[in-house]
Amino acid sequence: MKFGYFDDANKEYVITSPQTPYPWINYLGAQGFYSLISNTAGGYSFYMDARLRRITRYRYNNVPADMGGRYFYINDNGHIWNPGWSPVKTALDSYECRHGLGYTIIKGSSRGIAAEVTFFVPQNFNGEVQKVTIKNTGGESKKIKLFSFIEWCLWDANDDATNFQRNFNIGEVEVEDSAIFHKTEYRERRGHYAFYSVNAKLSGFDTDRESFLGMYNGFGEARAVKNGAAGNSVADGWSPVASHYLEIELAPGASKDLVFVLGYVENSAENSTGNSIGNFIEEKFAPDLTGGENIITSGNSRKNIINKKIAYNMIAQCDTAAKADALFGELKAYWAALLGQYSVDSPDEKLNRMVNIWNQYQCMVTFNMSRSASYFESGIGRGMGFRDSNQDILGFVHQIPARARERILDLAATMMEDGGAYHQYQPLTKMGNHELGSNFNDDPLWMILAVAAYMKETGDFAILDERVPYENDQSKADTLLDHMKRAFNHVCTKKGPRGLPLIGRADWNDCLNLNCFSASPGQSFQTTTSKDGKVAESVMIAAMFAFIGPEYAAMCRIKGDNSEADRADAEIAVMRKAAMEHGFDGEWFLRAYDDFGKKLGGKECAEGRIFIEPQGFAVLAGLGKETGADIKTLDSVDKYLNTKHGLVLHNPAFTRYYIEYGEISTYPPGYKENAGVFCHNNAWIICAEAAVGRGDKAFEYYSKIAPAYREEISDLHRTEPYVYAQMIAGKDAGRHGEAKNSWLTGTAAWNFVAVSQYILGIKPQYHGLQIDPSIPKNWNGFRLTRVFRGATYNITVKNPNHVSKGVIKLLVDGSEPPGSVIPSFPGGTHEIEVTLG
Ligand code: BGC
Ligand code: NOJ
């Protein structure tokens, strides 16, 4: 069952029923000010850091779901409704939500009034613009009452949700003309404030939640809206909100545009995040009030008045519908240009929409958010993950390489001197997070992979010469190449009894905790003491090392250090040998050796006999290629892990708690890391199948998890059909096929790598672009445009003999290049013709 449809021409998903199986959301903003918005206008906004600079309040796990947002209420002679249906939930004559790239348009109509709201964050602007159009589509004149509404969060989202004994006393606002200002704690150490304005004269306002809603009412029963009049309330502690009240008269056929701005401003250098876009640091306070001003303040205070200059500049930038439209146009142009970097015209419509629109869009969002703020991540739990952010770069780097570069340097600066890394850092401070520390022994390898991807995309080999701190300490700075070396060494100097890498707290699978032995209920496996185990080894890290290690050797060669490159190659050879000797179990690769030296993920295990994670990297690294062990491995994956909803993480699922394996066995069978379909590592198998030339298998796995292919079963899948979810419940779960944790997942980047570099086969290399597709045999070919290092490649792939893989002819601007890698051009447009056979 579907709840909408893809509008590919407009690059939108159009939701036609407000009651989707789960709130279907979108993200606004790309540079610092961010909003989450659901199809009924729920969600919240924050600046830079979803925990420390939360601007509006949202209630996770609320009943009913999805409460808190930016709501517009219409009171049409006592008939009350919202354009987005919620929170009043009056049945609408029509409803539509268009989630586009960086914007959302919600339209609703009832009894001859049509309302349309376009929500977006303009480029380089610290605020959300809401353009509202109200139209009288009936035959009679109408006088309607419009109320806006948002609820302020008291900045630190964690504190806001817990520290009520303080919070109920500190809320403060100011109202000046048509703008409502939130200034809690501004009187003391904060230098930032938020505002909510509209470009029209108010008939009233409310800034105190209880006055607007009534003490015992929900958002759907707002007292002021019911009464048809605002209370002009001034918050004094409790819960400050912002609501504008407007009276609108409309002749038949007439319409009215309004522009609301929800903005964030930093006025004080001390408290600045150092990243305010277009905001000049100003004096914090305006002069004390003398009595003549049109300013209303909490507690009638005359002091600590906000200097509002920046807010008024921002408001002036969009104080007419035409100005808002122009900013909206800029945003659309920005996205059109970004997506133009890679676009395909294949015989498969769903693949086209994933590749050309939604997968790339999700890659940008995951790059911006890491795993911090979604409808499953509360924004207070996690900083930027080291492993996560490095992988996000793989799917994002072709879009804005300069931002990828900056991120790489930030991440590298959180590395430790031994080549390990802080597992997370806070985006506001960019400092490693001590709560979580280090000791995830796969981390260093992802850093090497991200740097390689950046270098291959850009040809900017000089990044290796950048001097980057260790542990954020400038006095410990060394070159990025040195960071690569220590990352590489971290893996090959920390080996266990069989010469395989020690796992540490965990590898990619955060829940495979072979050194924790946690027996206390509720203890976090991510932070509890993990012993410095010298036995538990990860075959996955060994396979990753075999696949990623050669990138380090290549970097050394690029920098002319051949002897270091040879040393690296020798280390890789040793690891490959150990991986085959102790990691291969006859038909697939083992997962690990536990703290007792026992095999995990092998034939002798009753539960957890085969795991997905090591198999893809092993095959990609060519482990077992000479003997056919690679194909055997992929066949085993198909045989034991394949389901109609994708490949499960392992099989059989764990049915009880294993203290020696940790969190993985805490999940009920079929969920999350305990044999769920983890979409992230399905991509590694897609890459591996494509690499060995089995394009049909690669495509089968791709289409099982790519959301556009699951649109028809939205009632089962439940999360958005336009973005990947982290997990689809596996075959052992009660709800096989149901997805959770949509949006923020490494799945986005890895599946973009899988489809763009392995299936469609357009692979950036250090010295040019390689084209080596691995497609379904029934395709006749495809066309693709790829911008690479400033030149445009128009690629035509022909498949006359209906094969999956194998380039038999390559023409670049009409002539054959010397090798299989097309050298990069200084610019211009180039015609590439590829024939498979
Ligand atoms: C989740 C993992 C996650 C980890 C760290 C676990 O509970 O299952 O997917 O990586 O927490 O946040
Ligand atoms: C989600 C985490 O963000 C990621 O770092 C981890 O690799 C996977 N879960 C698997 O545990």
Side-chain angles (χ1 to χ4, degrees), residues 51 365-367 369-374 376-395 411 421-425 433 435-447 449-450 503-514 516 518 521-528 530 538 540-541 544 591-592 608 611-614 616-617 647-650 653-654 657 661-684 724-730 733 739-751:
R51 170 169 175 174
V365 173
T366 53
F367 175 84
M369 299 285 129
S370 191
R371 308 296 171 266
S372 63
S374 72
F376 298 89
E377 299 281 7
S378 63
I380 56 181
R382 292 210 244 180
M384 306 287 282
F386 185 85
R387 163 203 299 142
D388 297 329
S389 296
N390 274 306
Q391 289 174 86
D392 291 344
I393 284 169
L394 309 178
L411 288 164
Y422 279 104
H423 197 52
Q424 292 184 359
Y425 75 89
N433 184 334
E435 262 168 52
L436 229 65
S438 178
N439 216 17
F440 294 80
N441 285 350
D442 62 316
D443 274 348
L445 289 172
W446 301 115
M447 184 85 238
L449 193 62
I503 197 167
R505 177 182 292 282
D507 59 23
W508 172 88
N509 190 332
D510 273 330
C511 300
L512 191 58
N513 316 117
L514 305 183
C516 280
S518 170
Q523 194 169 54
S524 162
F525 290 89
Q526 309 300 316
T527 52
T528 184
S530 167
S538 164
M540 181 197 182
I541 302 182
M544 281 176 69
R591 179 62 178 88
F611 280 71
I612 197 171
E613 300 106 314
F617 287 114
L647 299 162
V648 294
L649 197 144
H650 62 263
F654 296 111
Y657 179 55
Y661 299 157
E663 186 169 2
I664 191 164
S665 60
T666 64
Y667 284 111
Y671 290 102
K672 290 275 291 179
E673 280 87 344
N674 189 8
V677 173
F678 234 84
C679 298
H680 185 141
N681 45 36
N682 275 234
W684 302 333
Y724 284 97
Q726 179 203 53
M727 189 231 27
I728 300 170
K740 289 197 185 97
N741 306 346
S742 56
W743 279 100
L744 303 184
T745 158
T747 307
W750 267 108
N751 277 277

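Atoms within each ligand, like the ligands themselves, are counted from 1 in listed order. What you see is a predicted model; the values in this text were computed from it and never measured.
Taking OG1 of T366 as the reference point, atom CD of Q391 lies at 10.5 Å (rounded to 0.5 Å). The CD atom of Q526 lies 4.5 Å from the CG atom of D510; values are rounded to the nearest 0.5 Å.
When the ring-ring contact (aromatic ring centres under 6.0 Å, His included) test is applied to F678, the partners found at least two apart in sequence or on another chain are W508.
Between the side chain of S665 and the backbone N or O of G662, at least one donor-acceptor pair lies under 3.5 Å. Although no hydrogens or angles enter the test, the distance criterion places no donor-acceptor pair under 3.5 Å between the side chain of Q424 and the main chain of N433.
Residues of the protein with a heavy atom under 4.0 Å from ligand 2 are R371, R382, R387, D388, W508, N509, D510, E673, F678, Q726, listed by chain and number. The immediate protein surroundings of ligand 1, defined as residues with any heavy atom under 4.0 Å of it, consist of R382, D510, C511, Q526, E663, Y667, K672, E673, Q726.
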Start with the C-alpha distance between R591 and D507, add both sets of side-chain angles, then the distance that settles salt bridge (charged side-chain N to carboxylate O under 4.0 Å, His left out), and finish with yes or no. CA-CA 11 Å; R591 179 62 178 88; D507 59 23; 2.8 Å; yes
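Applying the salt bridge (charged side-chain N to carboxylate O under 4.0 Å, His left out) test to pairs two or more places apart or on separate chains, those with a residue in residues 436-446 are R387-D442, R387-D443.
W684 and F617 have tilted rings, their planes meeting at an angle from 30° to 60° on a 0 to 90° scale. Note on ring orientation: taking the six-membered ring where Trp is involved, the planes of H650 and F654 are tilted (angle from 30° to 60°).
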